[in-house]
**Student:** 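Attaching a single structure in structure tokens format; questions to follow.
Just so you know, ligand 1 is whichever comes first in the structure, and atom 1 is the first atom listed for that ligand.
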Amino acid sequence: MRSLKQKIAIAVGTRPEIIKMAPIIREIQRKNYEYYIIHSGQHYSYNLDEVFFEQLKLPKPKYRLEVGSKSPGEQTALIISGSEKIFQKERPSVVLVQGDTNTVLGIALAARKMNIPIGHIEAGLRSYDEAMPEEWNRILTDHCSDYLFAPTKNSKKILLREGIKNKKIFVTGNTIVDSVFQNQRYVKFVVELPELKRNSFFLASLHRQENVDNPERFREIIEGLKLVSEKFGLPIVYPIHPRSEKMAKKFGISFGTIKIIEPMNYFAFLHMELNARLILTDSGGVQEEACILMVPCVTLRNSTERPETVQVGANIVSGVSSKSILRCTNKMMQKKRVWKNPFGDGNSAKKIIQIITHLNQNI
Ligand code: UD1
Ligand code: UDP
């Protein structure tokens, strides 16, 4: 029998995976288990990748697939074939993936084909929007995983409804809470934009493929942000994702007075979130962080796979018309910040590693 102490493979590829996997890596280090990191290279720009390794003091990946930016099929295929080679050589006891990116699906498929156990962290999220590439990544990864770490009871229910066996599913909270709690203390050392006082600006983030690859939709959302800024007389700061920057150039979208800046490092972005009057976003992780940090959120989409944030009163799904963005922002501006974070107490990584270690006796 192979001991888990020998090898846990941790797979990452994009900004949110690095941030949400960091607490898992920290816990594995604390327990002294042997592990290594595989990086797909889906994200490779310094400010989407290396900066998080530096800031979160993570060890360098043992393997980098360097897949880079490709069409979705080619990118996923390169991740499958690249990770298969690593698995042939290393044969890990378990591979852990986090979230819903092409990296997650590619690694999970390669592991499945070799019968290597897969742990899916953040399992059971569904937007029920089939236009989102992430929705298929979530469904396919959940259905080929051996251990499904659902952040909430609601996500466990979704998995059970889809016929996944109860014994594979564990409600553990979301490691984003661990990450926020572990890193919040560093935030006060970061003052990137000193002119922005607490509660005197809006923070925006917008990068979903279905939003920014569609010129009408991208333009309409930006118009919505401009209306919000005018109505409340507050600036909007938008650290722009490279996909959105590329598309804005291509479509000739004008941002007007919206303050466009480079993608931020994690501590600086947490600092901005904490100090924003309200956050407007189409990001998954940012919806969660806004809820955890008690900042009202408007989700610039037609659906969310994080309905818990809406149920507790921290978030509203605005749709993508400029008028509904303004209307929903108005509503969230009235909200008292009294909700309870539904994603756990910051001990998700501990729970996940405990479960994996316990179950591995039977591997
Ligand atoms: C990916 C994920 C998305 C996640 C996001 C996190 C999928 C299908 N999408 O979207 O779920 O929310 O990461 O940020 O897996 N680019 C760079 N530098 C980089 C990486 C990308 O400039 O380091 C540019 C390239 O022009 C590239 C574009 O961004 O074509 C999109 O990158 P890609 O990784 O395909 O998708 P994301 O939009 O980042
Ligand atoms: N983030 C960051 N800098 C930024 C924007 C976001 O560090 O300029 C962090 C944010 O705090 C969150 C994560 O990146 O933890 C969210 O990633 P993203 O929005 O790219 O992906 P998603 O969560 O939508 O998959």
Side-chain angles (χ1 to χ4, degrees), residues 12-23 39-52 55-56 66-76 78-79 97-107 122 125 127 131-138 140-141 174-180 182-184 187 190 192 203-213 237-250 260-274 276 279 281-293 295 299-301 304-306:
V12 297
T14 66
R15 169 167 76 184
E17 292 163 71
I18 303 165
I19 292 169
K20 288 174 168 179
M21 210 51 119
H39 193 313
S40 70
Q42 180 173 348
H43 282 181
Y44 46 84
S45 300
Y46 173 78
N47 57 13
L48 287 193
D49 175 21
E50 210 180 319
V51 67
F52 302 106
Q55 216 166 30
L56 301 170
E66 309 283 9
V67 299
S69 300
K70 300 275 177 339
S71 67
E74 190 181 355
Q75 188 175 61
T76 311
L78 286 172
I79 296 168
V97 293
Q98 193 290 330
D100 55 16
T101 63
N102 291 343
T103 296
V104 172
L105 178 63
I107 301 269
E122 205 176 83
L125 273 63
S127 66
M132 287 183 81
E134 292 84 358
E135 184 72 354
W136 292 105
N137 291 343
R138 290 178 196 123
L140 295 167
T141 305
N174 194 314
T175 58
I176 192 67
V177 184
D178 309 29
S179 200
V180 168
Q182 286 168 15
N183 296 302
Q184 218 174 332
V187 163
V190 183
E192 293 257 318
L203 178 64
S205 92
L206 186 72
H207 74 281
R208 293 253 84 80
Q209 182 184 306
E210 62 280 10
N211 278 343
V212 302
D213 285 20
V237 183
Y238 175 14
I240 196 163
H241 188 286
R243 173 191 283 276
S244 317
E245 192 178 19
K246 187 171 74 178
M247 291 303 166
K249 273 195 196 121
K250 182 173 166 190
I260 303 292
I261 58 172
E262 290 284 300
M264 299 184 102
N265 68 59
Y266 190 44
F267 299 162
F269 193 74
L270 276 177
H271 181 262
M272 292 291 282
E273 286 180 306
L274 261 170
I279 295 172
T281 188
D282 65 0
S283 156
V286 176
Q287 287 175 67
E288 291 160 351
E289 285 171 345
C291 181
I292 297 160
L293 295 167
V295 182
T299 293
L300 306 165
R301 291 166 42 182
T304 179
E305 59 292 315
R306 274 102 175 156

**Student:** With a heavy-atom distance limit of 4.0 Å, tell me whether F269 approaches ligand 2 through its side chain, its backbone, both, or neither.
**Tutor:** side chain
**Student:** Please classify the S283 to ligand 2 contact at 4.0 Å (heavy-atom distances, strictly less than): side chain, backbone, both or neither.
**Tutor:** both
**Student:** Indicate yes or no: does an N/O atom of G285 lie under 3.5 Å from an N/O atom of ligand 2?
**Tutor:**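 For ligand 2, there is an N or O atom that lies under 3.5 Å from one belonging to G285.
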**Student:** Mind checking what residues have non-hydrogen atoms under 4.0 angstrom from ligand 1?
**Tutor:** T14, P16, Q42, H43, Y44, S45, L48, S69, D100, T101, N102, E134, H207, R208, H241, P242, R243, K246
**Student:** Could you tell me whether the side chain of D100 reaches within less than 4.5 Å of the side chain of V104, counting heavy atoms only?
**Tutor:**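 No. Closest side-chain heavy atoms not under 4.5 Å.
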**Student:** Considering only protein heavy atoms, which is closest to atom 5 (C) of ligand 2, and at what distance to one decimal place?
**Tutor:**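 That would be R15 NH1, 3.3 Å.
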**Student:** Give the atom numbers and elements of ligand 2 that come within less than 4.0 Å of a heavy atom of P239.
**Tutor:** 8 (O)
**Student:** Just to check, does R208 reach to within less than 4.0 Å of ligand 2 when the distance is taken from its heavy atoms?
**Tutor:** yes
**Student:** List the closest protein heavy-atom neighbour of atom 24 (O) of ligand 2: residue, atom name, distance to the nearest 0.1 Å.
**Tutor:**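 For atom 24 (O) of ligand 2, the nearest protein heavy atom is G284 N, 2.9 Å.
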**Student:** Tell me: protein heavy atom nearest atom 10 (C) of ligand 2, and distance?
**Tutor:** E289 OE1, 3.2 Å
**Student:** Does M264 approach ligand 2 within less than 4.0 angstrom via side chain, backbone, both or neither, non-hydrogen atoms only?
**Tutor:**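 M264 to ligand 2: contacts from backbone and side chain alike.
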**Student:** Mind checking ring-ring contact (aromatic ring centres under 6.0 Å, His included) for H241 and listing every partner two or more places apart, or none if nothing turns up?
**Tutor:**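 Testing H241 for ring-ring contact (aromatic ring centres under 6.0 Å, His included), a comparison that skips the adjacent residues, returns H43, H207.
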**Student:** Measure E134 to ligand 2 on non-hydrogen atoms and call it side chain, backbone, both or neither using the 4.0 Å cut-off.
**Tutor:**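 Contact part for E134 vs ligand 2: neither.
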**Student:** Check whether any side-chain heavy atom of V180 lies under 4.5 Å from a side-chain heavy atom of Y266, and answer yes or no.
**Tutor:** yes
**Student:** Where's the contact between K20 and ligand 2, heavy-atom distance under 4.0 Å: side chain, backbone, both or neither?
**Tutor:** neither
